[in-house]
Amino acid sequence: MTPKIELHLHLEGAAPPAFIRGLAKEKHMDLSGIFDDRGNYAFTDFWHFLKVYEAATETLKTPMDYQRLTRAVLEESAASGVVYSETFLSPDFCGGRDVGAWREYLHAIREGADMAERDHGITLRGIITCIRHFGPDKARETALCAAETAGDWIVGFGIAGDEKIGKPADYAYSFDMAREAGLRLTAHAGEWGGPDSVRDAVRDLRVERIGHGVRAIEDLALVDQLAETGIVLEVCPGSNVALEIYPSFRAHPIAELRRRGVKCTISTDDPPFFHTTMTREYESLHVAFDWDEAEFAAIARTSLDAAFCDADTKARIAKLLEAADA
Ligand code: ADE
Ligand code: ZN
């Protein structure tokens, strides 16, 4: 079985509901409104999902909470065969965008990642992510946290949140700051926004990866542009099906995008919210498109090539992929 590489995972969005309920109990917080009667996160649409996500995040109050979360999340990923993961980290939730506080959260998260690497053999790197519906001014503060902690562990900068608010150009200053600090760039687009949102993110933010990006399929000239320029899509098919952007895996454009030469990777986005795991993504893609081991090995290779980590880390992970292919 080919080891899996995951490039699009929100750390808070990967928090198991039981973990969040445990924190809420410890802190005497009432979060009952965000769960259904089976204990799962409950939401009606994308915008409600963002609200529930932020409500759950209210329980994550200390660096140690984030360290526990990091360990729990990576244990789950490793159980799906993931050997390398990049996770989105938001200083908005970790210390309110204060650089000093953010450093403390980052230290704790990295310790959690080191423990998970020791216990489960999974390697993590971080992508600092601003949140679009919090606005461009807050994004600049987030970018400053990113620039101050850029290095061999914080390897990227991105933007998530409500794609329908504002436009990518509003965030160009933040992306420029991150680029100048040596960070690699990605942006959520083409999930709720149409093809124009992808075109704008590529042009105005000069990103090399797009989070989702699948709605590019509605404009074949854009699809050609993505293929020619080698922009990589962080595709999260199960998330898109759960949020009803597409009715089924069979109707999802990932196979057509790949057929047209676009580099696609596979990720889970916010696993407990969308009931995704990397194992389930692979199984559903196999059922929908009859993809075999060779296809998944090629996707893992594309994903590793598109990872933002340094060459030594890539070489080490590449050996794991090669060993599985042999
Ligand atoms: N934040 C967490 N998950 C997200 C998603 N799927 N789209 C945009 N922002 C998000
Ligand atoms: Zn996402």
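Atoms within each ligand, like the ligands themselves, are counted from 1 in listed order. From a predicted model like this one, the values you see are computed outputs, not experimental measurements.
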Student: Would you say H8 has an N, O or S atom lying under 2.8 Å from the Zn ion (ligand 2)?
Tutor: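 Yes, H8 qualifies, because one of its backbone or side-chain N, O or S atoms lies under 2.8 Å.
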
Student: Among protein heavy atoms, which lies nearest atom 6 (N) of ligand 1, and at what distance?
Tutor: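 Looking at atom 6 (N) of ligand 1, the protein heavy atom closest to it is D269 OD2, 2.7 Å.
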
Student: Taking N, O or S atoms only and a limit of 2.8 Å, check whether H188 reaches the Zn ion (ligand 2).
Tutor: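 A backbone or side-chain N, O or S atom of H188 is under 2.8 Å from the Zn ion (ligand 2).
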
Student: Looking at ligand 1, would W192 count as a contact under a 4.0 Å heavy-atom criterion?
Tutor: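 It does not, in that no heavy atom of W192 comes within the 4.0 Å cut-off of ligand 1.
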
Student: Of all N, O or S atoms in D269, which has the smallest distance to the Zn ion (ligand 2)?
Tutor: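 So the atom name we want here is OD1.
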
Student: What do the steps show when you test E256 against R260 for salt bridge (charged side-chain N to carboxylate O under 4.0 Å, His left out), and what is the final call?
Tutor: CA-CA 6 Å; E256 181 65 9; R260 291 177 176 273; 2.8 Å; yes

Student: Which atoms of ligand 1 are found less than 4.0 Å from any heavy atom of Y53?
Tutor: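 Answer for ligand 1: 2 (C).
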
Student: With heavy atoms only and a cut-off of under 4.0 Å, state how H212 meets ligand 1: side chain, backbone, both or neither.
Tutor: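 Looking at H212 and ligand 1, just side chain atoms fall under 4.0 Å.
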
Student: Applying a strict under-4.5 Å side-chain criterion to I, L, V, M, F, W and Y, I'd like to know whether L304 and I299 cluster together.
Tutor: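 Each belongs to a different hydrophobic cluster.
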
Student: Looking at atom 3 (N) of ligand 1, what's its closest protein heavy atom, distance included?
Tutor: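 For atom 3 (N) of ligand 1, the nearest protein heavy atom is D270 OD2, 2.7 Å.
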
Student: Closer than 4.0 Å to some heavy atom of A160 - which atoms of ligand 1 meet that?
Tutor: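 Near A160, the atoms of ligand 1 are 9 (N).
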
Student: Shared ILVMFWY cluster between L321 and I122, side chains joined below 4.5 angstrom?
Tutor: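 Shared cluster, no.
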
Student: Check whether any side-chain N or O of D98 sits under 3.5 Å from a backbone N or O of G95 as a donor-acceptor pair, and report yes or no.
Tutor: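 Flag not set: sc D98 to bb G95 has no pair under 3.5 Å.
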
Student: Could you list the atoms of ligand 1 found under 4.0 angstrom from a heavy atom of F49?
Tutor: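 It comes down to these atoms of ligand 1: 2 (C), 3 (N), 4 (C).
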
Student: With a 6.0 Å cut-off on the ring centroids, do F88 and H188 count as close?
Tutor: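 Yes, they do, as the ring centres are separated by less than 6.0 Å.
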
Student: Give the residue, atom name and distance (to 0.1 Å) of the protein heavy atom nearest atom 1 (N) of ligand 1.
Tutor: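 Minimum-distance protein heavy atom for atom 1 (N) of ligand 1 reads H10 CE1, 3.5 Å.
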
Student: Would you say K51 has more than 12 foreign heavy atoms packed within less than 6.0 Å of its NZ?
Tutor: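 12 or below, so no.
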
Student: Measuring from atom 9 (N) of ligand 1, which candidate in G158, S90, G161 has the nearest non-hydrogen atom?
Tutor: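 The nearest heavy atom belongs to G161.
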
Student: Taking atom CZ of R38 as the centre, does the number of heavy atoms from other residues, nucleotides or ligands within less than 6.0 Å exceed 12?
Tutor: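 Not more than 12 within 6.0 Å, no.
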
Student: For H48, I'd like to know if atom NE2 has over 12 heavy atoms of other residues, nucleotides or ligands within 6.0 Å.
Tutor: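 Count over threshold, so yes.
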
Student: Does some side-chain heavy atom of I127 sit less than 4.5 Å from a side-chain heavy atom of T87?
Tutor: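 Contact flag for T87/I127 side chains = no.
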
Student: Under a heavy-atom criterion of less than 4.0 Å, does F46 contact ligand 1?
Tutor: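 Flag set, F46 near ligand 1.
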
Student: Does ligand 1 come near enough to E191 that some N or O of the ligand is less than 3.5 Å from an N or O of the residue?
Tutor: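 The answer is yes, given that E191 and ligand 1 share an N or O pair closer than 3.5 Å.
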
